[in-house]
Amino acid sequence: MSYNPFSLAGKTILVTGASSGIGRATAIECAKMGANLIITARNEERLNETFVHLDVKNGQVHKAVIADLREVEQLENLIFESGEIDGLVLSSGKGLTLPFQFSSRDKFDDIFETNFYAPIELMRLLYKKRQINKKGAVVIVSSTGGTEIFSNGYCVYGASKAALNSIMKFCAKEFASKKIRVNSVCPGRVDTPLISNRFLSEEDVERDIEQYPMKRYGKPEEVAFAIIYLLSDASAWVTGTNLVIDGGRSLK
């Protein structure tokens, strides 16, 4: 194989939320780069749709594990099935559009349980059990919502993503003693099922797209390429960084 610092050949990567969107694109693109994949999500049918698209041309061995990260037994089984890994991509999550005045405690609890507590507990246990190999990498899928852009109606979702960016930096400092890097990617609006929003009309979407200098939303694979960089040896000196990928939307 010709020289390629972005290659993932020989690395084992665990990707959560791999049944759709950025998680699915990341798993598929990582396999193309030679990685062995462990993919997980709650929906078995959609996860299998991802699994059949994973490249095996370089003799990789892949595994699909159905798991709801909020359920302790399923989380523990995923950790057992994963074994030692070289990379972890935390991509599972869900959205919510709701004005602050209606954002009651139960709404915050529900979003934080899925977007923050569950994936962070997975990372904590994998690190504690020393299942993330030396020189491994963790990539957290955050968002510009709540970190760069503060739009009306996204306070609950944005707060959960801001929390991810914060814990990323703490973990980057702590994990460095084990030569493990931790970074996040912060996409703008990406054309995935997550951005489907009953509160936005076609006219609202058109106006929103106009705020992007590139005049379009992103594609899942465009975020996946950045994640591959952060998983690969090409970013061996990069940790504690949140990489904004938003077509220029956050430019002031």
**Q** Under a 3.5 Å distance rule, please check whether T16 uses its side chain to pair with a backbone N or O of S92 as donor and acceptor.
**A**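 Between the backbone of S92 and the side chain of T16 there is a qualifying donor-acceptor contact (under 3.5 Å).
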**Q** Any side-chain heavy-atom pair from L164 and S184 closer than 4.5 angstrom?
**A**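 No. Closest side-chain heavy atoms not under 4.5 Å.
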**Q** Do NZ/NE/NH1/NH2 and the carboxylate oxygens of R124 and E121 come within less than 4.0 Å?
**A**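 Salt bridge: yes.
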**Q** Looking at A27, is its backbone amide N or carbonyl O close enough to the side chain of H53 to form a donor-acceptor pair, meaning the two atoms are under 3.5 Å apart?
**A**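 Looks like no, no N/O pair under 3.5 Å.
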**Q** Supply the atom-to-atom distance L98 CG to Y157 OH, rounded to the nearest 0.5 angstrom.
**A** 15.0 Å
**Q** What about L8 and F6, same hydrophobic cluster or not, with Ile/Leu/Val/Met/Phe/Trp/Tyr joined at side-chain heavy-atom distances under 4.5 Å?
**A** yes
**Q** Please answer whether the main-chain N or O of N43 pairs with a side-chain N or O of S19 as donor and acceptor at a distance below 3.5 Å.
**A**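 Not confirmed, S19 side chain does not pair with N43 backbone.
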**Q** With a 4.5 Å limit on heavy-atom distance, are the side chains of E113 and D109 in contact?
**A** no
**Q** Could you check whether any side-chain N or O of S232 sits under 3.5 Å from a backbone N or O of S7, counting only pairs where one atom can act as donor and the other as acceptor?
**A** no
**Q** Salt bridge check: are E49 and R24 linked by an N-O gap of less than 4.0 Å?
**A**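 Yes, E49 and R24 are salt-bridged.
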**Q** How many angstroms lie between OG1 in T239 and CD1 in I180, if you round to the nearest 0.5 Å?
**A**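 Reported value, rounded in 0.5 Å steps: 10.0 Å.
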**Q** So, does S235 use its side chain to make a donor-acceptor pair with the main chain of Y229 at under 3.5 Å?
**A** yes
**Q** May I ask you to decide if A31's main-chain N or O and Q60's side chain share a donor-acceptor pair within less than 3.5 Å?
**A**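 Judged by distance alone, yes, a pair lies under 3.5 Å.
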**Q** Check whether any side-chain heavy atom of S143 sits under 4.5 Å from a side-chain heavy atom of Y154, and report yes or no.
**A** no
**Q** Whether the side chain of D68 engages the backbone of R42 through a donor-acceptor N/O pair (distance < 3.5 Å, no angle test) should be reported.
**A** no
**Q** Kindly indicate whether the side chain of I28, heavy atoms from C-beta on, has any atom under 4.5 Å from the side chain of L54.
**A** yes
**Q** Taking the side chain from D86 and the backbone from T12, do they hold a donor-acceptor pair closer than 3.5 Å?
**A** yes
**Q** Taking the side chain as everything from C-beta on, heavy atoms only, tell me whether L14 gets closer than 4.5 Å to L78.
**A**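 With C-beta onward as the side chain, the pair touches.
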**Q** Any ion pair linking K94 and D110 (charged N to carboxylate O, less than 4.0 Å)?
**A** yes
**Q** Specify whether F112 and Y117 have parallel, tilted or perpendicular ring planes, treating 30° as the upper limit for parallel and 60° as the lower limit for perpendicular.
**A** tilted
**Q** Tell me whether K135 contacts the main-chain N or O of K179 through its side chain, where contact means a donor paired with an acceptor under 3.5 Å.
**A** no
**Q** Going hydrophobic residue to hydrophobic residue with side-chain gaps under 4.5 angstrom, can you get from V244 over to I22?
**A**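 No, it is not one cluster - the side chains of V244 and I22 are not joined through contacts under 4.5 Å.
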**Q** Evaluate the side-chain proximity of V238 to L243: yes if any heavy-atom separation is below 4.5 Å, no if none is.
**A** no
**Q** What I want to check is whether the side chains of D246 and T144 have a donor and an acceptor closer together than 3.5 Å.
**A**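 No.
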**Q** Over all heavy atoms of both residues, which pair between A41 and A18 is shortest? Give the atoms and the distance, please.
**A** CB-N, 4.1 Å
**Q** Is any side-chain heavy atom of C30 closer than 4.5 Å to a side-chain heavy atom of L231?
**A** yes
**Q** In the structure I gave you, are the side-chain heavy atoms of T26 and V141 within less than 4.5 Å of one another anywhere?
**A** no
**Q** Under 4.5 Å between side-chain heavy atoms, counting indirect links through other Ile/Leu/Val/Met/Phe/Trp/Tyr residues: same cluster for V223 and M214 or not?
**A** no
**Q** Please give me the minimum heavy-atom distance between R189 and Y212, naming the atom from each residue.
**A**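 The answer is N-OH, 3.0 Å.
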**Q** Taking CZ in R216 as the centre, count heavy atoms belonging to other residues, nucleotides or ligands within less than 6.0 Å. Is the count above 12?
**A**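 Counting neighbours around CZ of R216, more than 12 heavy atoms of other residues, nucleotides or ligands fall under 6.0 Å, so yes.
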**Q** Measure the NZ-CG distance between K169 and N183 for me, rounded to the nearest 0.5 Å.
**A**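 If I round to the nearest 0.5 Å, the distance is 8.5 Å.
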**Q** If I compare all heavy atoms of K63 with all of E81, which pair ends up nearest, and what's the gap?
**A**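 The answer is NZ-O, 2.9 Å.
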**Q** Does S142 use its side chain to pair, donor to acceptor, with the backbone of V185 at less than 3.5 Å?
**A**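 Flag not set: sc S142 to bb V185 has no pair under 3.5 Å.
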**Q** Check whether L88 and L125 end up in the same hydrophobic cluster, where Ile, Leu, Val, Met, Phe, Trp and Tyr are linked by side-chain heavy atoms less than 4.5 Å apart.
**A** yes
**Q** Between K32 and E221, does any side-chain N to carboxylate O distance fall below 4.0 Å?
**A** no
